[in-house]
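Have a look at the structure below, then the notes.
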Amino acid sequence: MTAAGVIYERGDVLLRGDRIADVAASIDAPKGARVVDVAGKTITPGIIDTHSHIGVYAAPGFSAHSDGNEMTSPTTAHVRAQDAYWPQDPQIDHARAGGVTTMQILPGSANLIGGRSVTVKTYVGARGIDEARFVGAPEGLKMACGENPKRAYGDKGGPGTRMGNVAGFRGAFIKAQEYQRSLERYREKLARHEAKGDKSKGDKSDDDGKSDGPPDPPARDLAMETLAAVLRGEILVHNHCYRADEMLGMLALGREFGFAIRSFHHAVEAYKIAPELAKAGTAASVWADWWGFKAEAFDGIRENAAMLSVAGARAIIHSDSGIGIQHLNQEASKAMWAGRRAGLEVADDEALRWITANPAWALGVDDRVGTLEAGKQADLVVWDGDPFSVYSKAAQVFIEGELVYDRSDAARRPQTDFELGYDNGRTGAR
Amino acid sequence: MNTRMCWIAGAALALGLSVGPVATAAPAAPAASKPAKAPARAAKPARGATRAGRLPFDTEGAPIYLVGAEVRTGDGRRIAGAVIELRGTRIAAVGTLAATTIPAGAKTIDLTGKVITPGIVAVDSALGLVEIDAEGSTKDDSVAIADPIRAAYDASSAINADSALLPVNAIEGVTSAAVTPKGGLVSGQVAWIDLVHGDTRTIVADDEVAMRVNLGQTVAGSRAATWLRLQELFADAEFYRTHRAAYDRAQSRDLSAHRLDLEALAPYVAGQAPLVIGADRITDLRLLVALAKGGAKVVALGGTQAWRIADELAAAKIPVVVQPSQNLPESMDEMGARLDNAALLAAAGVEVGIAVFGDAHNPRNVTQEAGLAISYGLDPELALAAITAVPARAYGMDAHYGTIAPGKVANLVVWDGDPFELSQRPRAVWIRGRAIPMRSRQTELRDRYLPRIRGER
C-alpha cells in the first residue's frame, strides 16, 4: 500500500541503501540483492504522527519528566522542544513497535505560543536530540487557541478569555513584524555599508558621518527570531484549535500577518469548515473519536477525517498520546469506516494517507517520506495482516532501509535504558 | 420517553425465577444470586420506598422472535440459526430454529446472516455522571470533600438519563453500565443502569451494587497508611453493625467514620456484595487477596501487574478487569504493563473483564480494547465474556445481565460480523426488549454538515 494512489495486491519494494529504489507489481531482484519474502503481509510507508509529546512528557509521568509546557508566560516562542526531548523515554519503543517512524514532538498547549517543535525519527539508541532528529525537517511552532491558555493564565495575569488569547497572538506577531523590519533595515544598512566600502576603501564614515564601522545588528531575541521565521515561512505553524469559529479566526489572523497555518491540531470541529480548510490549504490533525473531555471538544464526531477528505482538505489522524500513537492504523480505520457508513467514499489508500503522506506534508518532509515511491527514504512497515484490522500488528519496521524492529526477534525489539532492571516479563517493546 | 414497560412492585418474576417482596429485597434477584444481601438491605427500611421497582420485571405483552442469527451467548456458546424469544423487557427463550415453534402470526424479525451478542457492559464508567470532564457543573462523579471515606455516596441518585453521552455509546452496543463514583479511599457505591436515554424514571436498574475503593497512596500519601485506614474502617463498620443500639444511645467507643458510611459498608464487609478496587501494583493486588481470604467479595480494577501473580488471583477467585491497550509504565506502579495481560490472566484461570476505565465518552471503544486483547492471545469467546458476562457476574448482576439466556434482561446487539473488528458497528441494539433509535447527538451533527461536504449547500 503505497499511500500514493496505488495498492498492489501483490507487489515488490526494492530498497537501495537508505532509499526506496522501486515499487512495482513485480521487480526482478538485482544481482546480489537480499530478498526478504513477506508474502501474505502488507507493506505501508512508516507511520507519521504530527502530534506527540513523547520525550518531553516522558513515562513514567514523574514531575521530573514534566518538560512540555514552559508555563511561565503565555508566549514562549523562545523555547524549543528539542532541548527537553529525553531519548530514553520508553514510549519511543512502543511507538516504533506500532509502526511509527517519524513524529513531531511539540511543546504543550498551556501557552498561546508554546515554542518550537522538533521532528524526530524513532531511531534506535539515540543518546541526544542530534541522534534522533529528522535531518533537514523544518521546525514547527506550537500555538494554542481556546480553553487551555485561558485556563492556565486566567488567574496569572491573563489571557483569561478568548479575546485575550487572540490579542496575545496579534501582539506577539506585531512585535515580530517590527523585529523583522529591524532585521531588514539592518541588512539594508549593511548592504549600503559594504557597497560604500567597495567603492572607497578606507572611508569608514556612514551616511551620518558619525561612525566609521559597519552597522550594529539588532540585539538577538530568541522569541522574535522564531516568530520572524514564521513570517518568512521557514517555521511551520501547528495550531492546537478545536472549534470551527476559532479556526476561521486563526486563518484570518494568519492572513493579517501574512503567514500560513500548516495544520490545525485537535481540530474536532474541522468537519464544519472542511471546504474552507481545503481552500486555505491548511491540514487538520484530528483524533478518530476523542470527544467531550472539555466544552470545545464536545462536537467531535468519528466522520471528521472522512468529511475533510471528501471536501478536498488534508486530513491527518494524530495521537497526542503514548497509547494512541501505537495504534494510529486502528484509529485511521475507525475513522475510515465511520465515513463509509455515512456514505462517504474513502479509499484504503486515502485513509492510509491520513497517517503517512498527509502528516509528512504537514511536517514539511513529504519530499522525503510518507509514501512508497522511488527516491523516498526507506521508512516502511511490514504488517502481519490488513493494517486496518484490529488484529494486525507491525511485524517489522524499517527506517532508512535499516530493520529497527522485528516482532519475532527479541534482539530486534529495542528498549530504552529506563526499563532495564524491572521485571516486565518480556524482552523488548511489543 | 417512557417505554411500554410497566414496573410492578412485588410482582413475582416470571420464567421460574423466584423473587422476594420488592419493598424489602429491592433487586428482586433470584434468591440464589445474592443470598445474603437482602437482610442487610432490610435493615434499611427507609430506602425501600425509593428502591421499589428498580429492576425491569415486565415479561408481559406479545412475544417477538429474532430469527436466524448466529447467537453468541456471552458464556462461550454459539448457536447458529438461532431464535430468541423476547417478552416485555426480558428474554423468554433461546434456541435453534429447528427446536422452536413460532406461533402463527407472531412478530418475527429475520436476522439471518447477522450475529447477536449480549449487550456490552461498561465497567467503572462515569456514564450519566459526567457530561463534560472539564466542567465541574456537569459532573457528579465525585464528592468535593477532604474526607477520603465516602461509602454512603450513592451514584444512583445523581444519574442523568438525558445525557447525550448515552446514545453515543448505546448505538455502538453498550447497553448497561456500572456507574461508579471516583476519588478518595472509598469513593462510594456503584449503580447499574441500562442506557435507556431519556428514561429519567427508570434508568437505574439497581443501586448499591458494589463499593468502589482505591488502594495505592490514597491516604496521607502512604500505601501503608491507606491499608491501615481501610482495615480500621472495616473493623468500625462491623462494630457499628453489631453495636448500633449502643451507638444510638451514645454508649459506643469512637468510630472512625460517619455512621452513614459505616452503615453503607456493612454488606461489603460481610462479603454480600463486591468491593471493586483499583489496584495496579503487586503490593496492592496482594492486599486484595488478603481481603478475599477474609471473606470479602473482591474485584480488581486495573491490574497492571496482575499477570505476575495470576495464580494467586485465580486461587482467590478475584476477577480482574483490565484495559488491554494500557501498556505503558505511566507510573512506577505500572512497570511491566503489557498488552497480553488479559491473555496471561485467562491462561492462569483468572476471570478477566475488559473496560475503558473511568470514562464516560468512549466506553464504546471497549470492543477495540477486546480486539487488542484477542490479537495478543485472548480467546475470542473469553473476550466477549470479558465485556458482557464477566462484568455482570463481578458486580453481582448476572441473574439479570451478561448472557443471552431465558430470564435475562433483553439487552442485545445485532452485528453484521465480528463485533471486535474496527469495520463493524451494530446494526441494531435492543435495550430492555426494545430496539433503540440508532441516533445520537453525533449522528445529528454529522447529518447537519454532510450536505455541505457533498456540495449540496
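Proteins come first, then strands; the chains are lettered A, B, ... in the order of their sequence lines, and each starts at number 1.
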Checklist outcome for this item: Okay, B/Arg364 and chain A: the region with an atom under 4.5 Å from a heavy atom over there is side chain
Item to check | Contact origin within B/Asp418 toward chain A - heavy atom pairs under 4.5 Å | outcome: side chain
Item to check | Donor-acceptor contact below 3.5 Å, side chain A/Asp289 vs main chain B/Asn362 | outcome: no
Item to check | B/Arg454 vs A/Val310, side chain to side chain contact (heavy atoms under 4.5 Å, CB included): CA-CA, chis, key distance, verdict | outcome: CA-CA 8 Å; B/Arg454 295 192 176 114; A/Val310 169; 5.6 Å; no
Next on the checklist: For a quick test of reading the model, state the closest non-hydrogen atom pair linking B/Ser325 to A/Ile323 and the distance between them.
Outcome noted: O-CD1, 3.2 Å
Checklist outcome for this item: Cut-off 4.5 Å, heavy atoms of chain A, and the answer for B/Ser331 is backbone
Item to check | Reported CG-to-CG distance for the pair A/Leu344 and B/Leu450, which is rounded to 0.5 angstrom | outcome: 5.5 Å
Checklist entry - Given a strict heavy-atom distance threshold of 4.5 Å, which part of B/Asn365 is in contact with chain A: side chain, backbone, both, or neither? => result side chain
Checklist entry - How far apart are the closest heavy atoms of B/Gln442 and A/Gly300, and which atoms are they? => result NE2-O, 3.0 Å
Item to check | Pairwise distance CG(B/Leu445) to CD1(A/Ile301) - rounded to 0.5 angstrom | outcome: 6.5 Å
Checklist entry - OG of A/Ser333 to CD of B/Glu421: how many Å apart, nearest 0.5 Å? => result 6.5 Å
Item to check | Closest approach of A/Arg151 to B/Ala134 (non-hydrogen atoms, all atoms of both residues) | outcome: NH2-CB, 3.8 Å
Checklist entry - How many angstroms lie between OH in B/Tyr449 and CG in A/Asn304, if you round to the nearest 0.5 Å? => result 12.0 Å
Next on the checklist: A/Gln326 vs B/Asn327, test: side-chain hydrogen bond (donor to acceptor under 3.5 Å, both in side chains). Steps then yes/no.
Outcome noted: CA-CA 10 Å; A/Gln326 302 176 45; B/Asn327 67 334; 2.7 Å; yes
Next on the checklist: If we define contacts as heavy-atom pairs under 4.5 Å, which of B/Leu165, B/Val130, B/Asp133 has the most with chain A?
Outcome noted: B/Asp133
Next on the checklist: Would A/Phe418 and B/Met335 count as a side chain to side chain contact (heavy atoms under 4.5 Å, CB included) here? Give the steps.
Outcome noted: CA-CA 10 Å; A/Phe418 182 76; B/Met335 299 300 288; 3.7 Å; yes
Checklist entry - With the threshold set at 4.0 Å, does a side-chain nitrogen-carboxylate oxygen contact exist between A/Glu276 and B/Arg452? => result no
Checklist entry - Is any side-chain heavy atom of B/Glu330 closer than 4.5 Å to a side-chain heavy atom of A/Pro60? => result no
Checklist entry - Hey, which of B/Leu372, B/Ile374, B/Leu422 is the one that makes side-chain contact (heavy atoms from CB on, under 4.5 Å) with A/Tyr391? => result B/Ile374
Item to check | Residue B/Glu334 versus chain A: region with a heavy atom under 4.5 Å | outcome: neither
Next on the checklist: Could you walk me through whether A/Trp337 and B/Arg425 satisfy the side chain to side chain contact (heavy atoms under 4.5 Å, CB included) test, starting with their C-alpha distance in whole Å, then the side-chain angles of each, then the deciding distance to 0.1 Å, before giving a yes or no?
Outcome noted: CA-CA 9 Å; A/Trp337 284 106; B/Arg425 295 293 168 228; over 6 Å; no
Item to check | Exercise: identify the closest heavy-atom pair between B/Ser375 and A/Lys393 | outcome: O-NZ, 2.5 Å
Checklist entry - Which pair of heavy atoms, one from B/Ser423 and one from A/Arg341, lies closest together, and at what distance? => result O-NH1, 3.4 Å
Item to check | Contact origin within B/Glu172 toward chain A - heavy atom pairs under 4.5 Å | outcome: side chain
Next on the checklist: Between A/Ala274, A/Ala297, A/Ala58, A/Gly292, who has the most heavy-atom pairs with chain B when the cutoff is under 4.5 Å?
Outcome noted: A/Gly292
Item to check | Which atom of B/Arg441 lies closest to which atom of A/Phe298, heavy atoms considered | outcome: NH1-O, 3.2 Å
Checklist outcome for this item: Scored by heavy-atom pairs under 4.5 Å with chain B, the best of A/Tyr422, A/Tyr271, A/Phe293, A/Phe388 is A/Phe293
Checklist entry - In terms of heavy-atom proximity below 4.5 Å to chain B, should A/His327 be classed as side chain, backbone, both, or neither? => result side chain
Checklist entry - Highest number of heavy-atom pairs under 4.5 Å with chain B: which of A/Met336, A/Gln91, A/Lys334, A/Arg302? => result A/Arg302
Checklist entry - Among B/Glu135, B/Met332, B/Gln305, who wins on heavy-atom pairs under 4.5 Å with chain A? => result B/Met332
